[in-house]
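Input: a single structure, listed below in structure tokens.
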Amino acid sequence: MKSDIQIPQVKDVYVAIVREWDDKMLGQNWFAYVINNRDTAIEMVIVVTKGYDKERKTSTLRHGLNTIDAKSNGKIEMVQDEVLTMNNEFVVTFFADNTLYDKTYLFRKNTINESALQDVPTMDQRGVLVK
């Protein structure tokens with residue numbers, strides 16, 4: 001029975017954390033984004049986030065992003081500097097082509113930093129990307 005279950009592989013959808021100007025805080029902050037580098041939109045996007053290490057954990061947060069167009073992105077949340085020293089997990093669930101997809105993206109502790117920046121698809125910015 002288990003062998004009959006088809007689990008589709010997520011392709012061309014990523015999570016990126018980008019450092020950008022925050023008008024509310026009047027400074028540079030890290031923000032998490034879902035990157036849709038597919039040729040089709042993804043719909044009913046839900047993201048569940050949490051940070052953790054051996055001694056600490058953050059609250060679990062849930063975000064509904066609805067639809068993210070093809071070759072586009074959707075902002076998830078601000079990532080506070082205090083949680084950069086923790087593992088940061090993003091579980092992204094969405095529908096595309098009448099199929100439900102689900103993938104966990106993990107930023108290991110201390111990997112979100114200026115030296116890890118790279119070009120981010122669909123954005124004219126650099127950030128830390130997990131595929």
Side-chain angles (χ1 to χ4, degrees):
M1 288 285 235
K2 283 186 178 180
S3 62
D4 294 336
I5 298 172
Q6 297 286 326
I7 300 174
Q9 185 177 13
V10 175
K11 293 182 182 177
D12 298 324
V13 175
Y14 320 118
V15 173
I17 298 184
V18 176
R19 191 166 178 99
E20 61 188 19
W21 180 259
D22 183 356
D23 287 331
K24 291 180 184 175
M25 303 294 280
L26 299 176
Q28 294 285 329
N29 285 308
W30 294 98
F31 289 90
Y33 287 85
V34 172
I35 308 297
N36 179 14
N37 204 29
R38 296 167 47 102
D39 292 326
T40 58
I42 58 177
E43 301 172 325
M44 297 178 59
V45 180
I46 298 172
V47 183
V48 178
T49 68
K50 66 180 176 181
Y52 61 90
D53 61 19
K54 289 182 180 178
E55 298 85 33
R56 309 171 293 167
K57 65 179 182 176
T58 66
S59 298
T60 300
L61 302 175
R62 292 164 184 82
H63 307 276
L65 302 182
N66 297 321
T67 299
I68 301 175
D69 293 330
K71 305 291 183 187
S72 186
N73 57 73
K75 188 181 269 190
I76 303 169
E77 67 185 11
M78 184 179 97
V79 180
Q80 295 179 327
D81 289 338
E82 294 82 18
V83 299
L84 298 180
T85 60
M86 303 168 78
N87 295 314
N88 286 275
E89 182 179 280
F90 296 80
V91 180
V92 179
T93 305
F94 62 90
F95 277 98
D97 308 318
N98 293 321
T99 303
L100 179 66
Y101 292 87
D102 182 77
K103 184 170 181 178
T104 300
Y105 300 86
L106 179 63
F107 292 86
R108 298 218 180 268
K109 62 182 180 178
N110 299 314
T111 59
I112 303 167
N113 57 60
E114 297 286 337
S115 64
L117 298 179
Q118 60 182 314
D119 292 336
V120 176
T122 76
M123 299 179 80
D124 289 328
Q125 297 184 46
R126 294 174 55 81
V128 182
L129 186 70
V130 173
K131 296 183 177 184

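Given the structure is predicted, the values throughout are model-derived calculations rather than measurements. Counting begins at 1 with the first residue of the sequence.
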Problem set entry | Spatial distance of atom CG (N87) from atom NZ (K54) [nearest 0.5 Å] | 10.5 Å

Exercise. Can you say whether the rings of Y101 and F94 are parallel (under 30°), tilted (30 to 60°) or perpendicular (over 60°)?
Worked result: parallel

Problem set entry | Side chain to side chain, F31 and V18, heavy atoms closer than 4.5 Å | no

For this session: Check whether any side-chain N or O of N36 sits under 3.5 Å from a backbone N or O of T40 as a donor-acceptor pair, and report yes or no.
Result: yes

Problem set entry | Single-linkage hydrophobic cluster V13~F95, side-chain heavy atoms < 4.5 angstrom | no

Exercise. Does any donor atom in the side chain of S115 or N113 lie under 3.5 Å from an acceptor atom in the other side chain?
Worked result: yes

Problem set entry | Test side-chain contact (heavy atoms from CB on, under 4.5 Å) applied to E77 and L61, step by step | CA-CA 9 Å; E77 67 185 11; L61 302 175; 3.4 Å; yes

For this session: Measure across V79 and A32 and return the closest heavy-atom pair with its distance rounded to 0.1 Å.
Result: CG2-CB, 4.1 Å

Exercise. V45 and Y105: same hydrophobic cluster, using ILVMFWY side-chain contacts below 4.5 Å?
Worked result: yes

Exercise. Can we say E82 and R56 salt-bridge, meaning some charged N sits less than 4.0 Å from an Asp/Glu carboxylate O?
Worked result: no

Problem set entry | Evaluation steps, side-chain contact (heavy atoms from CB on, under 4.5 Å), between T49 and E89 | CA-CA 6 Å; T49 68; E89 182 179 280; over 6 Å; no

Problem set entry | Verdict with supporting geometry, V34 and I76, side-chain contact (heavy atoms from CB on, under 4.5 Å) | CA-CA 7 Å; V34 172; I76 303 169; 3.6 Å; yes

For this session: Evaluate side-chain contact (heavy atoms from CB on, under 4.5 Å) for E114 paired with R19, printing each intermediate quantity in order.
Result: CA-CA 9 Å; E114 297 286 337; R19 191 166 178 99; 2.8 Å; yes

Problem set entry | Minimum heavy-atom distance T60-K50, with the two atoms named | OG1-CB, 4.2 Å

For this session: Measure the spacing between CD1 of I68 and CG of N37 and express it to the nearest 0.5 Å.
Result: 12.0 Å

For this session: State whether a side-chain donor-acceptor pair under 3.5 Å links E20 with Y33.
Result: yes

For this session: Nearest 0.5 Å please: distance from the CG atom of D12 over to the CD1 atom of I42.
Result: 10.5 Å

Exercise. Of all heavy-atom pairs between A96 and A41, which one has the smallest distance, and what is that distance?
Worked result: CB-O, 4.1 Å

Exercise. Side chain to side chain contact (heavy atoms under 4.5 Å, CB included) with F107: which of V83, L84, V130?
Worked result: V130

Problem set entry | Residues, nucleotides or ligands: over 12 heavy atoms within 6.0 Å of K109 NZ | no

Problem set entry | Joint cluster assignment, V128 & V120, ILVMFWY side-chain distance < 4.5 Å | no

Problem set entry | Minimal non-hydrogen separation, D53 against E55, with atom names | OD1-N, 3.0 Å

Problem set entry | CD1-CG distance between I46 and N66, expressed to the nearest 0.5 angstrom | 9.0 Å

Seminar exercise, completed: Smallest heavy-atom separation, P121 atom then I35 atom, equals O-CG2, 3.3 Å

For this session: Measure the CD-OG1 distance between E43 and T67 for me, rounded to the nearest 0.5 Å.
Result: 5.0 Å

Exercise. Roughly how far, to the nearest 0.5 Å, is CG of L65 from NZ of K75?
Worked result: 11.5 Å

For this session: Would you confirm whether N88, through its side chain, and M86, through its main-chain N or O, come within 3.5 Å as a donor-acceptor pair?
Result: yes

Exercise. Are M123 and M78 linked, directly or through other ILVMFWY residues, by side chains that come within less than 4.5 angstrom of each other?
Worked result: yes

